[in-house]
There are 2 protein chains.
Amino acid sequence: MTQEERSQETRSRILAVAEQSFAEHGYDVTSVDSICHGAGVSKGAFYHHFPSKGSVFVALLNAWLAELDRQFTAVQTGDGSVPRQVAAMAAGVNEIYHVAGTKWNILLEFWAKSKADPEVAHSTIDMIRRYQGFFQQVLERGVSEGSLQVKDSNLAATLMLSVVLGLLLQGILDPEGQDWGALMQRVLAMLMDSMGGRKS
Amino acid sequence: MTQEERSQETRSRILAVAEQSFAEHGYDVTSVDSICHGAGVSKGAFYHHFPSKGSVFVALLNAWLAELDRQFTAVQTGDGSVPRQVAAMAAGVNEIYHVAGTKWNILLEFWAKSKADPEVAHSTIDMIRRYQGFFQQVLERGVSEGSLQVKDSNLAATLMLSVVLGLLLQGILDPEGQDWGALMQRVLAMLMDSMGGRKS
DNA sequence: CGTCATAAACCGACTGGTTGGTATTAGTTT
DNA sequence: AAACTAATACCAACCAGTCGGTTTATGACG
């Protein structure tokens, strides 16, 4: 194994353990020592790869944002009518949710910390606005292709994003309460229907 | 000032300062010392009134739940058709939001901490389910009084709650982004409309 | 009314432990 | 040997909670 590979591996191991611990116990409660221990890495190694504990957090946040962009472009270059694409998105979320429900927990940590850290706040706001813009764009494409009828695409996108965020939040807080993934599929389908969605 | 009054006053002063600081800086970052300093109270006084830092937190949470109940009964005993009542609720939220937007910030802290503390988790889940039940009840009343047409009141209530939570979350995270209070009024009105809402 | 006993309210210095971060040293790869 | 990686020991700062002692309100009694 080359030096470069080894370095990347310990780095990603630190990130993985940190993400897990942040999601499960919270940022403040998670100590650097515990991350090092969990990753099988010394403190020296940790501070060799990251300048601070906070920098690990923002690295995770940026990874999320990058992943977001990847999914956006994947949907936008996909085929099928808009209602179908939305259904596919919901199904994708549902699948991820069932595979790794705890994956979403760290979102709460991002949001909570954004009240205290301006850098995190900027990223979360950016996240929200990009989702809003993305949804609006998708809806407008649906209108132009004739598969949707929406008067105020801005308002409709806000409604759609709110529903998604609300369900996500409930899924994070009360995982056992309902099958939130399936619910998101149903609710989004209902929403598409009420916007006069035609499957193709 | 009687002993009882004095005691109650310092107690509520501690709670007020703690709520403010929890909302602004987060639970873990807020130290007991800073609360004492902010409330003009010694540490001894603090631990005279509360057994622990965490107990202040759950006291605040319970105060929220109690306030919730008060609002529920207020709406249920109010008059007017269900769509009107919902509109009134939305207007109330809008007003509170404009008066004290930071009031909601501590909700994020409740939610974030519920991932680590089972007691808090129980309360937040209880909160969500009570809202869900309340909305469902309201919607069913709307159906029975003929002002609404809803097939699946459970699903509709979930949708409604998700929208509210989603908008609330966005309002907390991105207060300057939009006029979230007004948006909630518009979106809820739209929702009532789509459920065949008749104003009276 | 004045005095005194009692208990609740309050004070703040102190403690044991933990934390994020640093410095130093040793090992490994190229 | 140069450069990178990792391990250990360590530090200053901070924090939740404790504890012995002080003040204040209250009600009883002579």
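Numbers restart at 1 for each chain; the letters A, B, ... are given by sequence-line order, proteins then strands. Computed from a predicted structure; not experimentally measured.
Pairs engaging residues 156-172 of chain A under the side chain to side chain donor-acceptor pair (under 3.5 Å) rule: A:Gln132-A:Thr158, A:Ser162-B:Gln170, A:Gln170-B:Ser162 [sequence neighbours left out]. Residue pairs meeting the ring-ring contact (aromatic ring centres under 6.0 Å, His included) criterion with at least one partner in residues 132-159 of chain A, sequence neighbours excluded, are A:Phe72-A:Phe134, A:Tyr131-A:Phe135. Evaluation of the salt bridge (Lys or Arg N to Asp or Glu O under 4.0 Å) test over residues 44-64 of chain B, restricted to residues two or more places apart or in two chains, returns none. Note on residues 136-156 of chain B: pairs passing salt bridge (Lys or Arg N to Asp or Glu O under 4.0 Å), not counting sequence neighbours, are A:Arg186-B:Asp152. Evaluation of the salt bridge (Lys or Arg N to Asp or Glu O under 4.0 Å) test over residues 159-168 of chain B, restricted to residues two or more places apart or in two chains, returns none.
Within residues 50-64 of chain B, the residues having any heavy atom under 4.0 Å from DNA chain D are, by residue number, B:Ser52, B:Lys53. Within residues 13-33 of chain B, no residue has any heavy atom closer than 4.0 Å to DNA chain C.
Scanning for salt bridge (charged side-chain N to carboxylate O under 4.0 Å, His left out) contacts around B:Asp179 gives an empty result, with sequence neighbours left out. A:Gln178 pairs by the side-chain hydrogen bond (donor to acceptor under 3.5 Å, both in side chains) definition with nothing, not counting sequence neighbours. Here A:Arg13 pairs with A:Glu9 under the salt bridge (charged side-chain N to carboxylate O under 4.0 Å, His left out) rule; sequence neighbours left out. Remark: B:Glu5 pairs with no residue by the salt bridge (charged side-chain N to carboxylate O under 4.0 Å, His left out) rule, at least two apart or across chains.
Distance CD1 (B:Ile35) to C1' (D:dC15): 12 Å, rounded to an integer number of Å. Taking atom CD on B:Glu9 and atom C1' on D:dT24, their separation rounds to 15 Å, with Å as the unit. Taking atom NE2 of residue A:His37 and atom P of nucleotide C:dT18, one finds them 15 Å apart after rounding to whole Å. Distance, A:Gln8 CD to D:dT5 C1': 14 Å, rounded to whole Å.
The backbone N or O of B:Ala157 lies less than 3.5 Å from no partner atom in the side chain of B:Gln136, so there is not a single donor-acceptor pair.
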Scoring nucleotides 6-13 of chain D by protein non-hydrogen atoms under 4.0 Å (B base, S sugar-phosphate only, - none) yields SBB-----

